[in-house]
Q: 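Before I ask anything, let me first share the structure, which is written out below as structure tokens.
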Amino acid sequence: MNIFEENINKITALILKNQKFLKLKNLNEFKGIVVESPPEQFNYDLSCNAGLVLGKMNKIDPKELADKIKHLILKNLKDFQDIEVAGPGFLNLKLSKQSLISNIDKILKNKKTYGKKNSNKNYNIEFVSANPTGPMHVGHCRGAIYGDVLANLLKFNGNKVTKEYYINDYGNQINNFAKSVFLRIREIKYNEKFILEADLYPGEYIIEIGKKIIDSNKKEKFNDFAQSLELLKKESLKHSMNLIKLDLKELGIEHDNFFSERKLIENKLVDKAINYLKKNNYVQEGYLQPPKGEADKTWKKIKRLIFKSTLFGDDTDRALQKNDGSWTYFANDVGYHMDKVNRNYEYLINVLGADHTGYTKRITAAVNALSENKVKLNCKVCQLVKLYKNGKPFKMSKRAGDFISAQDLLNEVNKDSIRFMMLNRSNDVELDFDFDKVLEKSKDNPVFYVQYSFARISSLFKTLNKDLDDQIRLDPKTFTLNDNEIKILRKVFEWPKIIETASTKYEPHKIPYYLYELATLFHSYWSRGNDDQSFKFIKDGKIKKIETLAIIVLIATVIQRGMSILGVSLPNKM
RNA sequence: GCGCCCUUAGCUCAGUUGGAUAGAGCAUCGGUUUUCUAAACCGAGGGUCGUAGGUUCGAAUCCUUCAGGGCGCGCCA
């Protein structure tokens, strides 16, 4: 249920029915007419711009038209007790008691699904996809949480969602990774000094992986790299993926599907995809221009296969073959996305780090080419995370291999705080993450603040010896709400709209913001009893007003739904 | 040189896909507790929405110009 949608439907139906009386001719579309929350100072439940929009289309004075609509509504719809025409022609509407009660009842009867925007599409979200050459670092966490919460959100609405991880387990980087492990094994087993070369991985974890491989391959001598290569690749990959999966698990993230680049090649999916593009004349043999900007010494003018991605909005066509004729990373990714298209997803989402901004156009172009524009790929880029400690930038050391890992973060900060804070910004802007702030138990820390409101509610119900799921019956004869309660109720009514925009625009950050605002209203409501005893909720162990209970259950319900989408826990006691 | 993102209060940011007097938090100043959890609340000050134009009844929001910041720009992955 969505109070704005319901009422826009009622109002537009009424206008349609009375269009002659209103002298309206242009009624073919009601586009642009909305019902939303009016600014707080007006003290109304809903506002509607029908007078403005229709007045403009039909060349009627908006105020005059709004006034007619006002009387029409008051006469025909019982949902409203008071309507004013305000400003340039807005209708501000106040819900009747009956309507308030029935709206509250509807939510109380459908707590688990309150806010759900029904949808049953098939989504694939690819996220994290960190290189399988070591554990996750802090930078990966933001995209990881963004993708996971997006998945939760879309699932909450009823969609089918596959959470996918693309493992880049093919090509040079894996050989270099295996070589690094090999050299570390030589170091451990034969005391040979590990000399760091370019392209090798220096991290401490390589030593750990080496030790594990030695333990599980006691007979292996590791004398010849070429001979051990296949074994080393397989084993090293297994261990590094385990590290990554462990990190993900601690962040509360579990993927449904891990898609291997190596298998993609082995199954000839790239060739199939390229053949498809060839058939449709989207590729050609040719030469590309040298890259602009910094000169590239390795650039060679060689005839090669090129994807005509400019046909689909890219800035330049893209190479599918390297100098030696083998497929580029991009070509492999084309094969991968062909497979996604063939798996019949309706929507594809790729969550990428800021360093992949330049990549989005070509892969989006590829999906358009592969699906004849039927499947929509949406690349969402998460901007950088800047770490702070005590308000000062926490610099990542430039020493090779020394990076701040997801584990480092998890050692200091709990999962709940990381998840909430990483989403407390739009993915489009850089995010400051302060190690100390997220640990604070105060209003400065939004995670805490929201959790605390729920703890207070739990405590209240404990005092009352009641359960959040107990039935609440509101009596129309005595029903009354004070200022705080009305404000809260209006906020609660906005919840479905938050879900809708968060899920259609892929903007989960709206949820933490909203929850913070709701928590603020709750704390304010609660604290009023400190100033004035008459605003205390309880007297002699019993609730004074049944409406209070209803309002508080509504708050708790929305906070529960919101936090469960965010994947953040809600302690009963703090 | 090109692409993407950003520019809103001293600081960090929201701003419901064109609406009403632009909102939070932090910081600053002042107030509230023998408690249903003060780990909280209440109040005050603080703005030329980067610049210059355009579109219209109406722009922080849409279009164009310019300036500033970030990321990226290989036939690496």
Side-chain angles (χ1 to χ4, degrees), chain A residues 4 32 34 36-42 47 49 52-53 55-56 62 86-90 92 131 133 168 170-174 199 261 288 290-294 296-302 304 306 314-316 318-324 326 328-330 332-333 353-361 379 381 383-384 391 424-432 434 437 440-446 448-449 452-453 455-464 494 497-498 500-501 504-505 509-510 513 516-517 520 523-531 536-539 541 543 573-574:
Chain A
F4 305 100
V34 291
E36 53 193 359
S37 306
E40 208 182 298
Q41 66 268 21
F42 291 99
S47 87
N49 62 353
L52 285 161
V53 175
K56 185 183 182 180
F90 285 100
N92 287 330
N131 281 332
T133 53
N168 301 126
Y170 181 84
N172 276 330
Q173 71 170 7
I174 293 304
D199 299 333
E261 185 181 8
L288 285 170
K292 294 270 160 52
E294 260 180 79
D296 185 347
K297 285 168 197 153
T298 61
W299 186 83
K300 280 181 187 155
K301 191 171 180 179
I302 293 176
R304 70 187 80 233
I306 292 163
D314 198 1
D315 310 310
T316 168
R318 304 291 175 177
L320 294 165
Q321 285 177 308
K322 300 187 202 173
N323 291 339
D324 63 3
S326 64
T328 58
Y329 174 84
F330 173 59
N332 292 348
D333 216 12
D355 51 342
H356 287 76
T357 10
Y359 192 72
T360 60
K361 276 192 183 178
C379 290
V381 172
Q383 294 299 322
L384 295 179
N424 208 22
R425 284 282 174 276
S426 155
N427 62 288
D428 283 334
V429 305
E430 289 186 2
L431 181 145
D432 295 346
D434 195 310
K437 204 169 189 177
E440 265 177 45
K441 293 185 173 180
S442 78
K443 199 183 156 125
D444 296 12
N445 180 356
F448 169 80
Y449 189 72
Y452 184 51
S453 65
R456 277 181 152 177
I457 291 174
S458 299
S459 148
L460 186 82
F461 274 77
K462 206 180 161 198
T463 314
L464 288 168
E494 282 177 21
K497 220 172 171 177
I498 298 295
E500 187 183 339
T501 49
T504 56
K505 296 169 85 178
H509 72 277
K510 295 195 188 289
Y513 272 100
Y516 188 88
E517 286 164 6
T520 303
H523 285 304
S524 172
Y525 182 37
W526 171 286
S527 302
R528 211 162 161 193
N530 289 340
D531 297 330
K536 293 267 186 208
F537 302 153
I538 296 175
K539 198 178 182 185
I543 198 84
K573 216 169 140 184
M574 295 182 80

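In what follows, chains carry the letters A, B, and so on, assigned in the order in which the sequence lines appear, proteins first and then strands, with residues in each chain numbered from 1.
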Q: Considering only the P atoms, how many Å lie between B:rU32 and B:rG69, rounded to the nearest integer?
A: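 Pairwise P distance, B:rU32 against B:rG69, rounds to 48 Å.
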Q: Out of curiosity, A:Glu261 CD to A:Tyr329 OH, how far, rounded to the nearest 0.5 Å?
A: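 Output value for this atom pair is 6.5 Å.
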Q: Establish whether the base of B:rA14 is bridged to the side chain of A:Ser426 by a donor-acceptor pair shorter than 3.5 Å.
A: no
Q: Do any N or O atoms from the side chain of A:Ser326 and from the backbone of A:Lys322 form a donor-acceptor pair under 3.5 angstrom?
A: no
Q: Looking across every strand, which nucleic acid part, if any, lies under 4.0 Å from A:Phe448 by heavy atom: base, sugar-phosphate, or nothing?
A: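 The answer is base, as A:Phe448 lies within the cut-off (heavy atoms under 4.0 Å) of a base atom.
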Q: Rounding to a whole Å, what distance do you find between A:Leu384:CG and B:rG69:P?
A: 17 Å
Q: Between B:rG19, B:rA40, B:rA20, which one does the side chain of A:Ser442 approach most closely?
A: B:rA40
Q: Nearest of B:rC36, B:rA39, B:rA20 to any side-chain atom of A:Lys441?
A: B:rA39
Q: Given B:rA14, B:rA77, B:rG19, identify the nucleotide with an atom nearest to the side chain of A:Val53.
A: B:rG19
Q: Can you tell me how far C1' of B:rU32 sits from NE2 of A:His523, to the nearest Å?
A: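 The answer, rounded to whole Å, is 17 Å.
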Q: For nucleotides 55-60 of chain B, tabulate all protein N/O to nucleotide N/O atom pairs closer than 3.5 Å, reporting atom names and distance.
A:
unit_1 : atom_1 : unit_2  : atom_2 : d
B:rG58 : O6     : A:Lys56 : NZ     : 3.4

Q: Within the structure shown, what part of the strands sits under 4.0 Å from A:Phe90 by heavy-atom distance: base, sugar-phosphate, or nothing?
A: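 Base, at least one base heavy atom under 4.0 Å.
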Q: So A:Tyr359 and A:His356, would you call those rings parallel, tilted or perpendicular, with 30° and 60° as cut-offs?
A: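 The rings of A:Tyr359 and A:His356 stand perpendicular, inter-plane angle above 60°.
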Q: What's the spacing between A:Ile543 CD1 and A:Ile538 CD1 if we round to 0.5 Å?
A: 5.5 Å
Q: Tell me which nucleotide among B:rA77, B:rA20, B:rC36 gets nearest to the side chain of A:Pro39.
A: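 Among the listed nucleotides, the one closest to the side chain of A:Pro39 is B:rA20.
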Q: Please classify the nucleic acid contact of A:Pro446 as base, sugar-phosphate, or nothing, using heavy-atom distances under 4.0 Å.
A: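 The residue A:Pro446 makes no contact with any strand.
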Q: For A:Asn427 and B:rC13, give me the distance from atom CG to atom P, rounded to whole Å.
A: 14 Å
Q: Provide the distance between the two P atoms, one in B:rU61 and one in B:rG70, to the nearest whole Å.
A: 24 Å
Q: State whether a side-chain donor-acceptor pair under 3.5 Å links A:Ser37 with A:Glu494.
A: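 Side chains of A:Ser37 and A:Glu494: pair found under 3.5 Å.
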Q: Taking the minimum atom-to-atom distance to the side chain of A:Asp428, which one of B:rG15, B:rC5, B:rA77 wins?
A: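 The listed nucleotide nearest to A:Asp428's side chain is B:rC5.
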Q: Can you tell me how far apart NZ (A:Lys361) and SG (A:Cys379) are? Round to the nearest 0.5 Å.
A: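 It comes to 12.0 Å.
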Q: Rounded to the Å, how far apart are A:Lys536 NZ and B:rA40 C1'?
A: 12 Å
Q: Can you find an N or O donor on one side and an acceptor on the other, under 3.5 Å apart, linking the side chain of A:Asn49 with the base of B:rA20?
A: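 Check fails, no donor-acceptor contact within cut-off.
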Q: Pull out every protein N or O sitting under 3.5 Å from an N or O of nucleotides 2-4 of chain B, one pair per line with the distance.
A:
unit_1 : atom_1 : unit_2   : atom_2 : d
B:rG3  : O3'    : A:Lys361 : NZ     : 3.2

Q: CD1/A:Ile457 to NZ/A:Lys462 distance, rounded to the nearest 0.5 angstrom?
A: 16.0 Å
Q: Between B:rA59 and B:rG10, how far apart are the C1' atoms? Round to whole Å, please.
A: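 The answer is 27 Å between these two C1' atoms.
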Q: Looking at every strand, decide which applies to A:Asp333 at a 4.0 Å heavy-atom threshold: base, sugar-phosphate, or nothing.
A: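 Contact class for A:Asp333: none.
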Q: Can you tell me which nucleotide in B:rA20, B:rU37, B:rA77 comes closest to the side chain of A:Lys322?
A: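 Of all the options, the side chain of A:Lys322 is nearest to B:rA77.
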Q: Identify whether any heavy atom of A:Glu440 sits under 4.0 Å from a base atom; if not, whether one sits that close to sugar-phosphate; answer base, sugar-phosphate or nothing.
A: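 Touches nothing.
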Q: Report the distance from atom OH of A:Tyr329 to atom P of B:rC73, rounded to the nearest whole Å.
A: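 Checked: the OH to P distance equals 14 Å.
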Q: Could you give the distance separating B:rA27 and B:rC63 at their C1' atoms, to the nearest angstrom?
A: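 To the nearest whole Å, 38 Å.
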Q: Could you tell me which residues satisfy salt bridge (charged side-chain N to carboxylate O under 4.0 Å, His left out) with A:Glu36, sequence neighbours excluded, listed by chain and number?
A: none
Q: Hey, is A:Tyr359 doing a stacking thing with B:rG72, by the 5.5 Å centroid and 30° angle criteria?
A: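 Check failed, A:Tyr359 does not stack on base of B:rG72.
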Q: Figure out the CG/C1' separation between A:Asn424 and B:rC13, and round it to whole Å.
A: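 Spelled out: CG on A:Asn424 to C1' on B:rC13 is 9 Å.
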Q: Rounding to an integer number of Å, can you tell me how far A:Asp324 CG sits from B:rC76 C1'?
A: 13 Å
Q: All N/O contacts under 3.5 Å from nucleotides 25-29 of chain B to the protein, with atom names and distances to one decimal?
A:
none

Q: Taking atom C1' in both B:rG45 and B:rG1, what distance in whole Å separates the two?
A: 48 Å
Q: Would a distance-only check, ignoring hydrogens and angles, find a side-chain to backbone donor-acceptor pair under 3.5 Å from A:Ser527 to A:Ser524?
A: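 No; judged by distance alone, with no hydrogens or angles, the pair does not exist.
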Q: Roughly how far apart are A:Ser453 OG and A:His523 NE2, rounded to 0.5 Å?
A: 4.5 Å
Q: From the set B:rA14, B:rU37, B:rC71, return the single nucleotide nearest to any side-chain atom of A:His509.
A: B:rA14
Q: Measuring from A:Arg425:CZ to A:Tyr513:OH, what's the distance to the nearest 0.5 Å?
A: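 A:Arg425 CZ to A:Tyr513 OH: 4.0 Å, rounded to 0.5 Å.
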Q: Where does RNA chain B form stems of at least three consecutive Watson-Crick or G-U wobble pairs, each pair having both distances below 3.5 Å?
A: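 RNA chain B forms these stems: B:1-7 with B:67-73, B:10-13 with B:23-26, B:28-32 with B:40-44, B:52-54 with B:62-64.
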Q: Which whole-number value in Å describes the distance from A:Trp526 CH2 to B:rC42 C1'?
A: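 The distance from CH2 of A:Trp526 to C1' of B:rC42 comes to 18 Å, rounded to the nearest Å.
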Q: Mind checking A:Ala86 for me? I need base, sugar-phosphate or nothing, with any heavy atom below 4.0 Å counting as a touch.
A: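 Since a base atom lies under 4.0 Å of A:Ala86, the category is base.
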Q: Hey, which of these two, A:Gly171 or A:Ser524, hits RNA chain B nearer its 5' end, going by closest nucleotide?
A: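 Looking at the nearest nucleotide for each, A:Ser524 comes out on the 5' side.
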Q: Output yes when a side-chain donor or acceptor of A:Thr520 lies under 3.5 Å from a complementary backbone atom of A:Tyr516, and no otherwise.
A: yes
Q: Using atom C1' in both nucleotides, what's the gap between B:rG15 and B:rA24 to the nearest angstrom?
A: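 It comes out at 10 Å once rounded to the nearest Å.
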Q: Please check if the side chain of A:Asn49 supplies one atom and the backbone of A:Gly32 the other of a donor-acceptor pair under 3.5 Å.
A: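 Yes.
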Q: Considering only atom C1', compute the distance from B:rU8 to B:rG46 and round it to an integer number of Å.
A: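 Their C1' atoms lie roughly 14 Å apart.
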Q: Between B:rC6 and B:rA44, how many Å separate the two C1' atoms, rounded to a whole number?
A: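 Their C1' atoms lie roughly 32 Å apart.
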Q: Would you say the side-chain atoms of A:Gln173 and A:Asn168 include a donor-acceptor pair closer than 3.5 Å?
A: no
Q: Would you kindly compare A:Arg304 and A:Ser527 by the position of their nearest RNA chain B nucleotide and give the one closer to the 5′ end?
A: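 Going by which nucleotide is closer to the 5' end, it is A:Ser527.
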Q: Where is the tightest heavy-atom contact between A:Ser47 and A:Asn92, given as atom of each residue plus distance?
A: CB-OD1, 3.2 Å
Q: Given B:rC41, is OP1 or OP2 found less than 4.0 Å from the side-chain N or O atoms of A:Tyr449?
A: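 Checking B:rC41 against A:Tyr449, a side-chain N or O does come within under 4.0 Å of OP1 or OP2.
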Q: Mark yes when over 12 heavy atoms from residues, nucleotides or ligands other than A:Tyr170 sit less than 6.0 Å from its OH; otherwise mark no.
A: no
Q: For B:rU17, does OP1 or OP2 lie under 4.0 Å from any side-chain N or O of A:Lys505?
A: yes
Q: Identify, with sequence neighbours excluded, every residue that meets salt bridge (charged side-chain N to carboxylate O under 4.0 Å, His left out) alongside A:Asp314.
A: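 Checked A:Asp314 against salt bridge (charged side-chain N to carboxylate O under 4.0 Å, His left out); matches are A:Arg318.
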